[in-house]
Every structure is written in C-alpha cells, then in structure tokens.
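Because the structure is a prediction, the values reported are computed rather than measured. Order of appearance sets the numbers: ligands from 1, and atoms from 1 within every ligand.
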Amino acid sequence: LSAVVAAVRAEKRIEVWDDGRLKALTQDADGRVVGAVIARGPNGHLVEITATAVVLATGGAGGLFAATTTPSALKGEGMALAALAGTEILDPEFVQFHPTAIDVGLDPAPLATEALRGEGARLIDGEGRFLLGQADDADLKPRDIVARAVHAARREGRGADLDARAAIGAEFPHAFPAVFAACMRAGLDPRLSPIPVMAACHYHMGGIAADADGRTTTPGLYAVGECAATGVHGANRLASNSLLEAAAFGRRAGRAAAGEMGGGRPLPVQIAPDLPADALAELREAMTAHAGVVRTAEGLATLIALIDRLEAAHGPAASLLAARLIAQAALDRRESRGGHYRADHPETAVEAAHTRVRLARPAALEAAE
Ligand SMILES: Cc1cc2nc3c(=O)[nH]c(=O)nc-3n(C[C@H](O)[C@H](O)[C@H](O)COP(=O)(O)OP(=O)(O)OC[C@H]3O[C@@H](n4cnc5c(N)ncnc54)[C@H](O)[C@@H]3O)c2cc1C
C-alpha cells in the first residue's frame with residue numbers, strides 16, 4: 001500500500017482529493033457513465049467531474065454491520081450508486097464473517113488473526129470446553145463453520161474465547177505484535193487470559209459485477225477491489241487473497257479504463273441523502289442481528305421492514321440501498337452456501353446459481369429518451 005501511495009503522490013498527472021465523498025455517478029443519454037458528483041470538505045459542497053471512465057474502488061460493506069472488522073466508512077455506497085446507474089450487482093448476499101474478532105467494545109473490532117489458531121491457540125467457551133472438539137486441527141475449519149460455532153456459543157450464553165496461553169504464551173508480544181497491542185490497549189493481557197472473541201463482518205464477496213478487466217455492465221464504469229464481484233471468491237473467500245485480487249484486477253482495469261473514449265453530456269442526477277447517525281446505528285444493529293452469521297426468512301423480513309421505515313423517514317440513502325440489496329438477496333436465496341447461512345434452509349442446492357440484480361433504468365435517463 002505504501003508503495004502505491006508513494007507512486008501516486010509522485011505522479012504529477014494524478015490529483016488526490018483526501019476530503020471527497022462519492023455522492024452520485026453521472027450518465028449521458030445513452031446510459032454511459034461520464035463522471036461523478038463528489039461532496040468535498042467539512043461542508044460537503046458538491047463538485048461535478050466529467051470523465052471518459054470512472055473506476056470505483058470503494059471497498060466492502062462492513063460499516064453496515066454493528067459487529068465488523070472493517071472501518072465504518074465502508075457502507076457499500078459504491079455498490080449502491082452503481083446499482084442506481086443500472087449496473088448489474090452480483091451475489092450481494094455473499095458476506096464473510098470472521099470468527100475471531102476481538103470483542104472489547106471497539107469499532108471496528110480488532111482482529112485476532114487466524115495465524116494464532118495456526119500456532120495452536122484454541123477456541124473455548126467460558127467453562128474451558130473446546131468449541132469445535134478436541135482434535136488438534138478442529139479449530140482450523142473454514143471461516144463460516146468456525147464463525148457459526150463462535151456465534152452459537154455466544155447466543156447460548158456460554159461465551160467464546162481464544163486461548164493462546166499454552167500455545168503462544170510469553171512469545172505473544174514478539175510473535176503477534178499487532179494483536180498483542182490491540183489486546184493490551186483494551187486492558188487484556190493474552191499471555192495471562194483468553195481473548196474474548198465474536199464473529200464479525202469481514203469481507204464482501206458480492207458486489208458490482210465486473211469482468212477480468214474490471215468492466216461493469218454499464219459502459220464507462222469500472223469496479224476493482226472489494227466493491228467488485230469478479231466471481232473469484234465464490235461464496236466464501238479464502239484468507240489472504242483479496243489484496244492479490246485488488247492488485248491483479250486493478251492493474252488490468254486501469255489499463256482498460258485508460259483506453260476509453262467519448263461520452264455525451266451528463267444528465268442531471270439525484271443526490272442521495274446521508275443517513276443520520278442514530279438511524280445508521282439502528283441499521284447496523286439490525287444487519288448484524290438479521291443478515292449476519294445466521295439468517296432466517298423471518299429475521300430478514302424484519303430487517304427489510306426496518307429499511308423501508310428508515311427510507312420513508314430519511315430518504316433513499318446509498319447505505320440503505322446497499323443494505324437492501326444484501327437483505328433482499330439473502331431472503332431470496334433459499335439455501336446455505338459459503339458465508340450465507342439460512343437456518344431455515346441449511347442445505348446447499350445441488351446446482352450453484354448466481355444472484356443477479358439490476359434496478360430499473362434511472363428516471364433521468366427514461367425522461368431523456
Ligand atoms: C482487519 C482486516 C485484515 C485483513 N487482512 C487481509 C489479509 O491479510 N490479506 C488480504 O488479502 N486481505 C485482507 N483483508 C481484506 C482486505 O484488506 C480488503 O479486502 C482490501 O483492503 C480491499 O481493498 P479496496 O481497495 O478494495 O478497499 P479499501 O481498502 O476498503 O478502500 C476503500 C476506500 O474507499 C473509500 N470509500 C468508501 N465509500 C466511499 C465514498 N462514497 N466516497 C469516497 N470514498 C469512499 C473508503 O473510505 C476507503 O478508503 C483484511 C481486512 C481487514 C478488515
């Protein structure tokens with residue numbers, strides 16, 4: 001990351017706005033994306049940019065969940081704004097939950113890396129019983145299975161802890177300095193006590209449908225990194241390959257976007273309102289409760305009713321649309337697959353199928369025709 005930042009800063013033709021927030025994508029009468037509206041500075045004054053291509057790299061959607069390991073600024077807004085431009089959204093229900101976020105009341109929750117379990121740290125409940133059984137490799141199952149075990153232990157009131165005392169002990173500060181520092185900041189010494197853990201939103205496999213060059217279904221619009229759904233992560237990303245995807249596909253998308261030409265006059269576009277802080281907090285709690293590790297039709301319907309209510313009260317915020325895309329697709333997928341687990345449909349369908357969502361064409365484009 002520091003190498004990329006240094007290269008960008010050194011390139012005179014790249015202008016960096018640290019204070020910008022994407023509010024809308026602009027389109028010409030043919031539907032081609034021809035720019036973006038950015039809110040800048042503390043007052044959020046709107047600036048419209050025109051461009052031959054727009055590349056979205058807005059990350060995941062962890063900020064839509066109360067329990068998350070990602071920064072709260074990541075609210076799926078790029079996905080929502082792409083959807084509003086009529087772009088195909090792929091498998092938005094595929095969200096990954098990490099089993100060992102450290103539960104010390106921080107937002108985002110610090111991560112107790114899987115490498116701790118690789119070194120022999122064990123998941124136990126409050127009584128010291130193994131959560132996933134006694135075998136040495138019992139805790140090394142895929143993320144969704146371990147996340148459900150942690151989630152179940154907490155729901156049953158047994159608690160869930162990662163015990164690194166025997167396996168790592170005094171080596172902790174040298175072997176895992178970042179995790180050690182996070183624990184110590186919260187007043188917890190992992191050499192002496194087990195680390196309280198919870199399952200938390202960690203990665204969005206779904207998102208803006210994009211091909212191997214980052215091209216979306218909307219001309220002029222590209223998506224790379226976690227906001228894109230290239231399909232490479234299926235329904236359950238394997239650890240440590242999202243940065244690889246971002247680098248490989250980002251390079252290809254940059255080259256393809258640089259070759260774009262043309263585009264007509266941008267049509268006027270609707271600017272989505274922001275969700276007030278208390279409404280966002282309510283949404284995040286409901287997303288973790290109903291679109292989290294374990295989902296049911298009943299819970300997802302409750303969540304969608306809340307999204308309806310918040311939208312009626314506060315307008316069509318991009319974060320609400322992102323939450324709706326995830327919740328509706330999770331309701332419609334009546335099976336369990338990877339990170340998406342339906343307690344009322346625990347089986348995996350024999351035939352794997354994608355969810356493809358495409359919203360109606362924007363009103364401004366309809367009017368222009
Ligand atoms: C704790 C943790 C550990 C991880 N460890 C690994 C690992 O070891 N290996 C690995 O491969 N992956 C790991 N991941 C996943 C990986 O970090 C992410 O998938 C990756 O950083 C995504 O990169 P990105 O550039 O797509 O998005 P991000 O790095 O999330 O950047 C997105 C940017 O877009 C900005 N943004 C969002 N919305 C808007 C908007 N409306 N307007 C303007 N800007 C906006 C955000 O503020 C942010 O700066 C980890 C993730 C977490 C949370």
Side-chain angles (χ1 to χ4, degrees), residues 1-5 8 16-25 36-41 44 46-47 49 54-65 67-85 94-102 106-116 118 143 176 178-179 181-182 197-208 210 214 222-230 232-233 236-251 253-254 271-275 280 317-322 339:
L1 190 63
S2 46
V4 174
V5 171
V8 167
V16 178
W17 292 359
D18 283 326
D19 61 351
R21 192 130 201 102
L22 176 70
K23 296 297 291 176
L25 296 167
V37 179
I38 310 288
R40 289 200 71 184
L46 297 177
V47 183
I49 304 169
V54 172
V55 183
L56 290 174
T58 47
L64 295 175
F65 292 79
T68 181
T69 62
T70 81
S72 56
L74 304 173
K75 291 178 289 195
E77 290 175 332
M79 174 177 75
L81 296 175
L84 284 175
F94 289 160
V95 177
Q96 182 168 72
F97 300 91
H98 198 291
T100 56
I102 305 177
L106 293 176
D107 181 21
L111 195 65
T113 161
E114 256 137 9
L116 290 160
R143 280 185 178 166
F176 298 95
V179 185
V197 291
M198 62 178 175
C201 177
H202 187 61
Y203 187 83
H204 198 192
M205 279 78 65
I208 307 162
Y222 290 74
V224 295
E226 196 171 328
C227 73
T230 55
V232 297
H233 301 302
N236 209 7
R237 178 178 73 99
L238 296 174
S240 282
N241 55 13
S242 73
L243 298 178
L244 197 61
E245 184 209 342
F249 286 67
R251 178 192 178 100
I271 303 298
D274 281 328
L275 203 56
L280 180 60
S319 50
L320 281 178
L321 176 54

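The side-chain contact (heavy atoms from CB on, under 4.5 Å) test applied to Ala247 returns no partner, not counting sequence neighbours. For Asp274, the side-chain hydrogen bond (donor to acceptor under 3.5 Å, both in side chains) partners two or more places apart in sequence, or in a different chain, are Lys23.
When atom types are taken as modelled, the side chain of Thr100 and the backbone of Ala112 share a donor-acceptor pair closer than 3.5 angstrom. Using modelled atom types, one side-chain atom of Glu226 and one backbone atom of His204 make a donor-acceptor pair closer than 3.5 Å.
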For residues 72-82, tabulate all N or O donor-acceptor pairs below 3.5 Å that involve a side-chain atom, not counting sequence neighbours.
{"residue": "Glu77", "atom": "OE1", "partner": "Arg21", "partner atom": "NE", "Å": "3.4"}
{"residue": "Glu77", "atom": "OE1", "partner": "Arg21", "partner atom": "NH2", "Å": "2.7"}

Requested in this report: Please step through ring pair (Phe, Tyr, Trp, His ring centres under 6.0 Å) for the pair His233 and Tyr203, ending with a clear verdict.
Outcome: CA-CA 10 Å; His233 301 302; Tyr203 187 83; 5.3 Å; yes
Run through all N or O atoms in ligand 1 and write down each protein N or O closer than 3.5 Å, as a pair with its distance.
{"residue": "ligand 1", "atom": "11 (O)", "partner": "Ser240", "partner atom": "O", "Å": "3.3"}
{"residue": "ligand 1", "atom": "11 (O)", "partner": "Ser242", "partner atom": "N", "Å": "3.0"}
{"residue": "ligand 1", "atom": "11 (O)", "partner": "Ser242", "partner atom": "OG", "Å": "3.2"}
{"residue": "ligand 1", "atom": "11 (O)", "partner": "Leu243", "partner atom": "N", "Å": "2.9"}
{"residue": "ligand 1", "atom": "12 (N)", "partner": "Ser242", "partner atom": "OG", "Å": "2.8"}
{"residue": "ligand 1", "atom": "19 (O)", "partner": "Glu226", "partner atom": "OE1", "Å": "2.7"}
{"residue": "ligand 1", "atom": "19 (O)", "partner": "Ser242", "partner atom": "OG", "Å": "3.0"}
{"residue": "ligand 1", "atom": "26 (O)", "partner": "Glu226", "partner atom": "N", "Å": "2.8"}
{"residue": "ligand 1", "atom": "41 (N)", "partner": "Leu22", "partner atom": "O", "Å": "3.4"}
{"residue": "ligand 1", "atom": "41 (N)", "partner": "Glu77", "partner atom": "OE1", "Å": "2.8"}
{"residue": "ligand 1", "atom": "42 (N)", "partner": "Leu22", "partner atom": "N", "Å": "2.7"}

